[in-house]
Each structure stands twice: as C-alpha cells, then as structure tokens.
Chemist: 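The following block contains the structure, expressed as structure tokens.
As the structure is a prediction and not an experimental result, all values here were calculated from the model.
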Amino acid sequence: MSDTARIAPLSPPYAPEIEAQLLKWMPPGSAIEPLALFRTLALHDDLFGRMRPLGAGILGHGRVPPRDREIVILRTCARANAEYEWGIHAVIQAPEVGLTAEQIDATVIGKPDDPAWSADDTVLVRLVDEIHDTATVSDGLWTELSARYPDDQILELITATGWYRLLSTVINTARIEHETWARRFPA
C-alpha cells in the first residue's frame with residue numbers, strides 16, 4: 001500500500017471562509033499549521049462545518065474527565081491503526097492530561113490488563129476494545145462502567161469512541177500524510 005495521500009489537503013492561501021473555519025478547528029493561538037486532516041475535511045465545506053461542533057464538544061467541552069477521554073481516544077486510534085491521529089494526541093493532549101509515556105505506548109502495544117493501567121483505566125481500554133471488536137458493550141462491562149460513570153458520561157465515552165473511529169476511517173482511507181512533529185506508533 002502506498003503512503004501517498006489519496007485526497008490532497010487544501011494548501012494556503014485559503015479562501016477567507018475556509019481560513020476562518022480552519023482557525024476554529026485549531027487551538028486558540030496555535031503556532032502549528034492547520035492539520036492535514038482539517039485541510040482535507042475542508043474540501044467539503046458543509047461537512048467540515050457540521051463536524052466541528054461534535055469534535056469540539058468531545059475534545060474541549062465534555063463531561064468525562066480529560067484523562068479518561070484521552071485513554072479512549074488513543075486506544076480507539078491505535079485499534080483502528082490511525083497512527084496520524086494517535087500521534088497528534090500522543091504529543092499534545094495525552095501529556096497535558098497526565099498520561100505517562102508508558103501509558104501512551106500501552107494504548108498501542110498493551111492489553112487491557114497492562115501494568116501501565118489502573119483498574120479504572122482497564123475498564124476504559126476494555127470499552128474501546130469491545131466496541132472495536134463487536135460494536136457493542138457486554139453486560140458485564142456495562143455494569144463496571146455504570147459503577148464509575150453516570151449514564152451521560154457513558155454515552156459520551158461511547159460517542160467519543162465512535163467519533164475517533166470515524167476520523168480514523170477518514171484518515172486511513174484518504175491516506176492523510178503524517179504530521180512531521182507527531183509521534184509514530186511504538187515498535
């Protein structure tokens with residue numbers, strides 16, 4: 001399989017309305033060029049504009065603790081083989097929420113019972129794995145989730161898993177090229 005992008009992302013100069021949208025997708029004051037994923041999505045301006053509120057809601061305005069959210073995001077991207085998105089989160093968001101290098105690596109190479117994880121973390125890794133493998137959650141795991149999270153947070157965790165699976169699918173099928181500063185999967 002070739003690593004060449006199947007869909008070329010937009011390049012500057014951007015139309016004013018696209019530039020405004022790209023700035024909304026990036027963190028305020030970011031010195032980083034808008035991500036290739038965002039510049040690819042911007043090719044479909046309607047879709048691009050409709051996707052942002054959900055993504056921003058999950059990433060920046062969620063009810064789930066940020067560390068828990070990042071475990072779910074990293075594991076989802078790892079299971080979907082979306083090194084692009086995993087690598088961005090491994091560099092920016094995961095360290096910000098206190099995930100260690102061992103924990104970040106364990107999202108790719110570890111099992112749910114990896115020593116890097118606490119018992120609570122293991123439940124999150126199992127959630128992603130079950131959704132990835134079966135598109136549902138077993139009754140036993142649901143009971144464990146319900147003991148820790150209220151229903152609105154469980155719904156958010158499931159939605160975050162689905163959202164990052166969607167992004168992973170776009171990234172992988174469009175073959176979005178890796179950001180030069182992002183991490184690669186551990187060996």
Side-chain angles (χ1 to χ4, degrees), residues 1-62 64-101 103-108 128 131-132 156-186:
M1 177 173 79
S2 169
D3 288 334
T4 304
R6 287 178 167 160
I7 300 174
L10 294 177
S11 296
Y14 309 112
E17 62 278 2
I18 296 297
E19 185 163 12
Q21 283 285 351
L22 287 169
L23 290 174
K24 288 180 183 179
W25 279 76
M26 295 299 291
S30 177
I32 300 170
E33 172 74 16
L35 300 178
L37 170 62
F38 303 157
R39 292 183 291 118
T40 301
L41 293 173
L43 289 165
H44 190 310
D45 57 340
D46 284 342
L47 185 61
F48 185 56
R50 290 180 184 149
M51 289 176 76
R52 189 187 151 286
L54 179 57
I58 290 169
L59 195 56
H61 306 287
V64 171
R67 184 181 177 282
D68 295 3
R69 178 201 66 227
E70 279 306 311
I71 291 170
V72 166
I73 291 169
L74 289 168
R75 184 64 169 197
T76 299
C77 294
R79 286 298 311 271
N81 200 35
E83 185 178 49
Y84 173 93
E85 189 73 11
W86 180 91
I88 291 167
H89 279 262
V91 168
I92 298 175
Q93 288 89 354
E96 286 179 356
V97 299
L99 290 175
T100 66
Q103 291 167 329
I104 294 167
D105 287 354
T107 63
V108 177
V128 172
I131 291 173
H132 181 83
E156 185 176 316
L157 288 166
I158 294 165
T159 302
T161 302
W163 174 253
Y164 279 89
R165 179 58 188 239
L166 166 68
L167 291 178
S168 295
T169 301
V170 171
I171 289 161
N172 291 342
T173 57
R175 294 187 184 150
I176 295 176
E177 294 176 2
H178 203 75
E179 302 290 345
T180 57
W181 51 267
R183 268 200 63 196
R184 303 306 289 228
F185 282 150

Chemist: After noting the C-alpha distance and the side-chain angles of Leu74 and Tyr164, does the key distance pass the side chain to side chain contact (heavy atoms under 4.5 Å, CB included) rule?
Modeler: CA-CA 9 Å; Leu74 289 168; Tyr164 279 89; over 6 Å; no
Chemist: Filter on side chain to side chain donor-acceptor pair (under 3.5 Å), then keep only pairs touching residues 69-83, sequence neighbours left out; what's left?
Modeler: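 Every pair satisfying side chain to side chain donor-acceptor pair (under 3.5 Å) with a residue in residues 69-83: Glu70-His89, Arg75-Asp129, Arg79-Asp129, Arg79-Asp133, Glu83-Arg184.
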Chemist: Start with the C-alpha distance between Leu99 and Thr107, add both sets of side-chain angles, then the distance that settles side chain to side chain contact (heavy atoms under 4.5 Å, CB included), and finish with yes or no.
Modeler: CA-CA 11 Å; Leu99 290 175; Thr107 63; 5.9 Å; no
Chemist: Between side-chain atoms of residues 28-38 and protein atoms elsewhere (two or more places apart, or another chain), which donor-acceptor pairs fall under 3.5 Å?
Modeler:
{"unit_1": "Ser30", "atom_1": "OG", "unit_2": "Ile32", "atom_2": "N", "d": "3.1"}
{"unit_1": "Glu33", "atom_1": "OE2", "unit_2": "Tyr14", "atom_2": "OH", "d": "2.6"}

Chemist: If we only count heavy atoms from C-beta on, is the Met51 to Leu41 side-chain gap below 4.5 Å?
Modeler: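 Of all side-chain heavy-atom pairs linking Leu41 with Met51, at least one is under 4.5 Å.
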Chemist: Nearest 0.5 angstrom please: Ile73 CD1 to Leu157 CG, how far?
Modeler: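 Separation between the atoms: 10.0 Å.
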Chemist: Give a yes or no on whether the backbone of Cys77 and the side-chain of Glu85 come within a donor-acceptor separation of less than 3.5 Å.
Modeler: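 No; judged by distance alone, with no hydrogens or angles, the pair does not exist.
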Chemist: Of all heavy-atom pairs between Arg165 and Ala80, which one has the smallest distance, and what is that distance?
Modeler: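 Arg165 and Ala80 have their closest heavy atoms at CD-CB, 3.9 Å.
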Chemist: Show, in sequence, the C-alpha distance, side-chain angles and deciding distance for Glu156 and Val72, and conclude whether the side chain to side chain contact (heavy atoms under 4.5 Å, CB included) test is met.
Modeler: CA-CA 11 Å; Glu156 185 176 316; Val72 166; over 6 Å; no
Chemist: In Å, rounded to the nearest 0.5 Å, how long is the span from CG of Leu59 to CZ of Arg52?
Modeler: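 Atom-to-atom, Leu59:CG and Arg52:CZ are 11.0 Å apart.
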Chemist: Is there side-chain contact between Ile104 and Trp86, with at least one heavy-atom pair below 4.5 Å?
Modeler: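 Yes; the side chains approach each other to less than 4.5 Å.
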Chemist: Provide the closest heavy-atom pair for Ile88 versus Ala182 in the form atom of the first, atom of the second, distance.
Modeler: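 What the structure gives for the nearest pair is N-CB, 3.9 Å.
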Chemist: Just one of Arg175, Glu177, Glu179, His178 clears the side chain to side chain donor-acceptor pair (under 3.5 Å) bar with Tyr84, so which one?
Modeler: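 The passing option is Glu179.
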Chemist: Between OG1 of Thr161 and CD1 of Ile58, what distance do you get to the nearest 0.5 Å?
Modeler: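 One finds 9.0 Å between OG1 of Thr161 and CD1 of Ile58.
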Chemist: Looking only at atom types and distance, does a side-chain atom of Arg6 sit under 3.5 Å from a main-chain N or O of Ala174, one as donor and one as acceptor?
Modeler: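 No, because the side chain of Arg6 does not come within donor-acceptor range (under 3.5 Å) of the backbone of Ala174.
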Chemist: For Ile18 and Ala42, work out which heavy atoms get closest and say how close.
Modeler: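 Result for this residue pair: CD1-O, 3.9 Å.
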Chemist: When rounded to the nearest 0.5 angstrom, what distance separates NE2 in His61 from CG in Leu54?
Modeler: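 The CG atom of Leu54 is 12.0 Å from NE2 of His61, to the nearest 0.5 Å.
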